[in-house]
Amino acid sequence: MTDFTATRAMFDLPEGVIYLDGNSLGPLPRAAKARVAETVAAEWGEMLITGWNKAGWMAQPMRLGDRIGRLVGAEPGTVVVGDTLSIKVFQALASAVQLRPDRKVILSDTGNFPSDLYMADGLCRMLGQGYSLRTVAPEAVEAAIDDSVAAILITEVDYRTGRRHDMARLTAKAHAAGALAIWDLAHSAGAVPVDLAGGGADFAAGCSYKYLNGGPGAPAFIYVAPHHAEAALPALSGWLGHAAPFAFDLDYRPGPGIERMRVGTPPVIQMAALEAALDVWDGVEMADLRAKSLDLGDLFIAGVEAACPMLTLATPRAHGQRGSQVSFRHPEGYAIMQALIARGVIGDFRAPDILRFGFTPLYIGAEEVGRAVEILAEVMAGGLWDRAEYRQRAAVT
Ligand SMILES: Cc1ncc(COP(=O)(O)O)c(C=O)c1O
């Protein structure tokens, strides 16, 4: 049984704040603070350039990749950490289309995160030769998979609504049609149990700053299924993905397996923070986390629906069809969220009308959910959101 009181004690959360935005940026794990300070002083400060060998900086991307891999059901040695998720999506896409050279369509859905669609579109424009991105409604993906599709690019959990795709089913459908399946796990890793190996995913990518709590700008990760690892050619053929980076050959030769998906110098300090954040997961059972996350989500839905009839649930009620966030719609969603934040309940807003609340059992419990419902009910019943200052849009929503 996972001890969520113990995991709660591993985070530094400001007094008086109910943090329901770990789906966007995880809070600070206490150990990360110390680990970063130590990396800066004892490694960078004392070891200088020798830290690449002595402190194992160069091995960090594979070491952390394996630790994240364990949380998403990946085989050892199939995940590497680095860059940002947008970059990792691009790499996965480029390798996938190269593995299906007779097909020209990348299939995605209109619920996908725009950066994934932009990356796919950019790749198609760069490739020319009739490559195109086709987007359909999330419910229509399965029926749209045909023998023109080289790869499907699907974000498992919708960033706005929290609706969850059936990874195993869509992957099987893609394979039956001769296509490959690429999964974006931004809202899945550390949020729901994921079984990349069992589900037969070909490629996957995700970020570590949301449910994995690696900190703002924490690096992303990429997974390549073992049977593609030696065949997938990296489009971003950087020197650290080379078979022998320090031979400084003039010609590129891809490194072994997943190592070829490395690009350039790893962000050492950010990786130190991520490494400490991953320690929190050592005693966590994903099944326990999932059960508690669904309980918290149910509690929130029931409370808000009872107290705030003017808010419309945007997240599927069925457990199998949702991730670890709950969203409600309201035309004044932005102002409502600002009023909540002013009262210590932190969620966020996604255009045009979505209020998002993330439920993260590592540090959020039923008491906080109950209190958040009460505060939201006060804000709605009293029209407390209806102030000019709450309508003033900041750059980041
Ligand atoms: C589903 C999804 N894909 C891609 C991205 C882009 O990630 P990054 O900014 O790390 O490139 C995000 C960012 O939130 C996301 O939610």
Under a 3.5 Å threshold, yes or no: a donor from one side chain and an acceptor from the other, between [X] and [Y]?
X    : Y    : answer
T161 : S327 : no
R350 : T397 : yes
R260 : S237 : no
N112 : T155 : yes

Residue pair [X] / [Y]: nearest heavy atoms and the distance that separates them:
X    : Y    : value
I346 : I341 : CA-CG1, 4.1 Å
L212 : A277 : O-CB, 3.5 Å
A273 : G214 : CB-O, 3.8 Å
M271 : L64  : O-CD1, 3.5 Å

Any carboxylate oxygen within less than 4.0 angstrom of a Lys/Arg side-chain nitrogen, looking at [X] and [Y]?
X    : Y    : value
E374 : R371 : yes
D202 : R100 : no
K292 : D288 : no
R67  : D279 : yes
D146 : R134 : yes
K54  : E43  : no
R343 : E378 : no

### Query
Partners of E389 by salt bridge (Lys or Arg N to Asp or Glu O under 4.0 Å), sequence neighbours excluded?
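Residues passing salt bridge (Lys or Arg N to Asp or Glu O under 4.0 Å) with E389: R387.
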#### Entry: F4 with L299, same ILVMFWY side-chain cluster at under 4.5 Å
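They do share one cluster, since a chain of ILVMFWY contacts under 4.5 Å joins F4 to L299.
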### Task
Following the transitive rule for hydrophobic clusters with a side-chain heavy-atom cut-off under 4.5 Å over Ile, Leu, Val, Met, Phe, Trp and Tyr, establish whether L99 and L133 coincide in one cluster.
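Same cluster: L99 reaches L133 through Ile, Leu, Val, Met, Phe, Trp or Tyr contacts under 4.5 Å.
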### Query
Mind checking whether F300 and F359 have parallel, tilted or perpendicular rings, split at 30° and 60°?
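The arrangement is tilted - the two ring planes meet at 30° to 60°.
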### Task
Report the hydrophobic cluster partners of Y159, with the cluster defined as I, L, V, M, F, W, Y residues connected by side-chain heavy atoms closer than 4.5 angstrom, directly or transitively.
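Taking Ile, Leu, Val, Met, Phe, Trp and Tyr as members, Y159 shares its hydrophobic cluster with F113.
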## Note on the structure
Residue pairs passing the salt bridge (charged side-chain N to carboxylate O under 4.0 Å, His left out) test with at least one member in residues 69-91, sequence neighbours excluded, are D83-K88
Return the [atom1] to [atom2] distance between [X] and [Y], rounded to the nearest 0.5 Å.
X    : Y    : atom1 : atom2 : value
S188 : H165 : OG    : NE2   : 10.5 Å
L93  : Q98  : CG    : CD    : 12.5 Å
H330 : M380 : NE2   : CE    : 4.0 Å
F11  : L28  : CZ    : CG    : 9.0 Å

### Query
Is there a side chain to side chain donor-acceptor pair (under 3.5 Å) between T135 and S108 once you walk through the steps?
CA-CA 5 Å; T135 48; S108 191; over 6 Å; no
### Message
For the aromatic rings, using the six-membered ring if either is Trp, is the centroid distance between F203 and Y223 under 6.0 Å?
### Response
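No, too far apart.
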### Query
Can the ring centres of F248 and F246 be said to be less than 6.0 Å apart?
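When the ring centroids of F248 and F246 are compared, they turn out to be within the sub-6.0 Å range.
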